Colleague: 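Handing you a structure now.
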Amino acid sequence: MELYYEFVRNCVSSNADMDMPCSCEECYRNYKNVCTCIDCLMKSRRDLCQQSPCENHDFIGDIEYFPPHEDYYKQADAEILYQLKPGGNPNDQKAGAETWCSAFAPDNSYFAWSCGHRLVRLVPWKHKINNNEIEEDEGKQQGEQTLPTPKEKVIDCGEHVWAVAFGSSVSSKCHRTVNISFHRFNFGKDLILATGLQSGRIKTWDVSTGGILLYLIDHKEVIRDLQFAPDGSMFLASASRDKTLKVWDLNDDGNMKKTLKGHNGWVYSCSWSPDAKILASVGQNKTVILWDMSDYSMMRKLTGHQNDVVACDFSPDGALLATGSYDTRVILWDPYTGQKIRTFGHLFPPPSCIFSGGSNDFWVRHISFSHDGCHIATLCDDKYVRFWSIYNEEVPVKKAQLVNALCCNYSPDGCCLATGTRDGNVVFYMAPMRVQKLQHLCRLSVRRVLPSTKVDALPIPQKLMGYLKYEN
């Protein structure tokens with residue numbers, strides 16, 4: 001397809017009077033799944049979407065492809081900040097060559113990534129990003145005592161690791177602190193790491209010492225995702241291939257609070273809303289479910305995807321839910337009404353239902369919402385990582401080529417995106433950031449406390465209400 005796009009850029013011009021080479025039509029027919037109507041190729045994709053198919057359309061295959069928006073190729077590539085490689089002995093059976101999961105500590109102190117079968121590496125991320133500013137010689141001349149350099153830690157989990165998550169009783173909003181003493185662990189002071197294993201078991205570790213804390217056993221299949229509640233309550237949600245989700249209370253000796261049943265296939269991912277009142281889960285058979293965590297009941301199912309849904313993430317204010325699927329799309333939802341807000345496609349134009357529902361080379365592997373609430377990062381099997389603005393469905397803000405990407409996570413400060421790959425590497429990209437408008441910051445504040453149903457009841461103009469609901 002990239003060769004085809006390059007061919008179109010060379011042969012098709014915005015000038016309608018340009019003479020086409022005599023061999024162009026034959027060349028078009030040599031490409032699979034390409035519309036051979038030169039008149040249509042001369043027009044923009046936006047015009048094609050608004051008109052009915054012409055009589056000269058000749059398709060080879062079931063899918064029609066057109067060049068993407070002309071501004072797509074003008075976008076700058078995202079800058080690479082840092083890269084981590086697994087290292088070690090390639091014959092070591094403890095470490096493989098796939099990074100299926102990664103996570104940043106809430107305080108930005110550590111970055112965890114699973115580099116294979118059994119090992120999880122903890123990188124002192126805060127030191128990594130600040131090492132250029134540390135001048136040891138200058139500190140010694142001023143008589144200051146320099147802190148010891150944090151060391152990288154390696155945890156052997158004993159089994160293949162599929163999910164990792166950091167947890168602390170300090171709320172991610174940093175507006176309150178809960179200090180709870182425990183006979184084996186001080187959750188209010190220290191940081192813990194949860195790891196989901198191949199056998200369906202979950203191990204939690206003390207990050208400071210590397211010792212094991214709790215051993216959670218109840219799932220029957222692989223743990224595909226782990227997420228701590230962002231309010232500091234130390235509730236841990238686990239998604240598994242056994243078609244269930246479970247909620248664990250680590251303040252209560254790791255006892256299981258509830259098993260959530262509603263999926264009829266593997267559960268790939270889950271995500272808490274910022275206030276921890278809603279849990280979203282996605283899985284096989286196009287399933288997206290929202291759970292009310294006050295009584296552990298099912299709120300609603302969201303329908304719209306045409307293939308397995310593999311990733312989900314809430315916006316910082318909880319007003320939006322992003323879901324990524326193998327159908328090549330990322331859909332932005334209003335979780336309170338189930339309404340579709342926007343759809344971000346990775347094919348031009350969106351593929352047919354048959355193509356979306358089957359195997360293709362444009363599967364969306366993972367997504368992550370930025371902390372400014374204005375950008376979404378997506379990983380796709382077409383070998384690109386993209387940064388989208390929530391206001392523009394046509395063209396990504398930035399993109400970068402990345403082969404075999406599997407997972408992505410924004411850093412707590414929102415400055416970079418960590419992406420894990422099948423070869424075990426982690427590549428960090430500089431995330432697009434901008435000074436947000438005052439009206440956007442006001443919207444974030446309002447939507448943190450008001451769901452869409454309460455926004456509808458506000459005595460405000462319709463246009464302002466549409467803005468608060470991200471509809472315009």
Side-chain angles (χ1 to χ4, degrees), residues 103-108 165-178 191 194 225-239 245 247 249-250 257 260 269-282 288-296 299-300 302 311-324 330-339 341 366-377 390 408-415 417 431 433 436 439-455 467-470:
F104 284 95
D107 59 355
N108 216 22
F166 282 102
S168 172
S169 66
V170 179
S171 170
S172 61
K173 297 179 181 179
C174 297
H175 61 74
R176 67 185 181 92
T177 301
V178 180
L191 187 69
D225 196 15
L226 293 172
Q227 294 291 333
F228 277 95
D231 61 351
S233 60
M234 293 308 297
F235 277 18
L236 175 66
S238 58
L245 296 104
V247 182
D249 186 0
L250 270 65
K257 298 292 291 185
L260 305 179
S269 180
C270 60
S271 177
W272 293 86
S273 62
D275 57 6
K277 294 181 179 179
I278 300 176
L279 180 68
S281 61
V282 297
V288 181
I289 300 179
L290 297 177
W291 307 87
D292 186 349
M293 299 311 290
S294 61
D295 56 1
Y296 303 103
M299 291 177 57
R300 64 176 50 87
L302 305 180
C312 61
D313 199 11
F314 275 95
S315 62
D317 57 0
L320 299 172
L321 173 68
T323 57
V330 172
I331 298 180
L332 210 57
W333 310 83
D334 184 332
Y336 298 98
T337 64
Q339 176 186 357
I341 304 298
H366 209 252
I367 60 175
S368 183
F369 230 116
S370 67
H371 298 281
D372 60 7
C374 289
H375 298 92
I376 300 175
I390 64 171
C408 63
N409 300 92
Y410 272 96
S411 61
D413 54 12
C415 294
L417 180 78
M433 299 182 67
Q436 299 302 324
Q439 61 184 13
H440 174 69
L441 299 178
C442 292
R443 177 171 60 182
L444 289 176
S445 301
V446 171
R447 291 309 309 271
R448 282 192 178 100
V449 296
L450 290 181
S452 301
T453 52
K454 293 185 177 181
V455 171
Y467 180 77
L468 287 177
K469 296 172 67 176
Y470 290 90

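We count residues from 1, following the sequence as given. Only a predicted model underlies this, so the values are computations on that prediction, with no experimental measurement involved.
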Colleague: Quick check for you: to the nearest 0.5 Å, what is the distance between Leu441 atom CG and Asp317 atom CG?
Modeller: 11.0 Å

Colleague: Using 0.5 Å steps for rounding, measure from the CG atom of Leu302 to the CD1 atom of Ile331.
Modeller: 9.0 Å

Colleague: Report the distance from atom OG1 of Thr323 to atom CH2 of Trp333, rounding to the nearest 0.5 Å.
Modeller: 5.5 Å

Colleague: Can you list the steps and then say if Leu245 with Tyr296 is a side chain to side chain contact (heavy atoms under 4.5 Å, CB included)?
Modeller: CA-CA 11 Å; Leu245 296 104; Tyr296 303 103; over 6 Å; no

Colleague: Report the C-alpha distance between Phe166 and Leu191 in whole Å, list the side-chain angles of each, state the deciding distance to 0.1 Å, and finish with yes or no for side chain to side chain contact (heavy atoms under 4.5 Å, CB included).
Modeller: CA-CA 7 Å; Phe166 282 102; Leu191 187 69; 3.7 Å; yes

Colleague: Looking at every non-hydrogen atom in both residues, tell me the closest pair between Ala165 and Ala103 and how far apart they are.
Modeller: CA-CB, 4.4 Å

Colleague: What's the shortest heavy-atom distance between Ile390 and Gly373, and which atoms?
Modeller: CD1-O, 3.3 Å

Colleague: Run the numbers on Ser269 and Asp225 for side chain to side chain donor-acceptor pair (under 3.5 Å), then give the verdict.
Modeller: CA-CA 5 Å; Ser269 180; Asp225 196 15; 3.0 Å; yes

Colleague: Test side chain to side chain contact (heavy atoms under 4.5 Å, CB included) on Leu320 and Arg447 and set out the steps.
Modeller: CA-CA 10 Å; Leu320 299 172; Arg447 291 309 309 271; over 6 Å; no

Colleague: Output yes when a side-chain donor or acceptor of Arg448 lies under 3.5 Å from a complementary backbone atom of Asp275, and no otherwise.
Modeller: no

Colleague: Any side-chain heavy-atom pair from Leu321 and Ile278 closer than 4.5 angstrom?
Modeller: no

Colleague: If you look at every heavy atom in His371 and Pro316, which pair is closest and at what distance?
Modeller: O-CG, 3.6 Å

Colleague: Could you pull out the closest heavy-atom pair between His440 and Cys374, with the gap in Å?
Modeller: NE2-SG, 3.3 Å

Colleague: Nearest 0.5 Å please: distance from the OG atom of Ser168 over to the CG atom of Leu250.
Modeller: 11.5 Å

Colleague: Can any side-chain N or O of Arg443 pair as donor or acceptor with the backbone N or O of Lys469 at less than 3.5 Å?
Modeller: no

Colleague: Between Phe104 and Pro412, which heavy-atom pair has the shortest distance, and what is it?
Modeller: CB-CD, 3.6 Å

Colleague: Rounded to the nearest 0.5 Å, what separates atom CG in Leu444 from atom OG in Ser315?
Modeller: 8.0 Å

Colleague: Would you say that Leu450 contacts Leu468 through its side chain, given a criterion of any heavy-atom pair below 4.5 Å between the two side chains?
Modeller: no

Colleague: Do Phe228 and Pro106 have side chains that approach each other closer than 4.5 Å (heavy atoms only, starting at C-beta)?
Modeller: no

Colleague: What closest approach, in Å, do Ala229 and Ala276 show between heavy atoms, and which atom pair accounts for it?
Modeller: CB-CB, 4.2 Å

Colleague: With side chain to side chain donor-acceptor pair (under 3.5 Å) as the criterion, how do Asp313 and Tyr410 come out once you've worked through the C-alpha distance, each side chain's angles and the decisive distance to 0.1 Å?
Modeller: CA-CA 11 Å; Asp313 199 11; Tyr410 272 96; over 6 Å; no

Colleague: Using 0.5 Å steps for rounding, measure from the SG atom of Cys312 to the CH2 atom of Trp272.
Modeller: 12.5 Å

Colleague: Between Met433 and Cys415, does a side chain to side chain contact (heavy atoms under 4.5 Å, CB included) hold up when you go through it step by step?
Modeller: CA-CA 7 Å; Met433 299 182 67; Cys415 294; 4.0 Å; yes

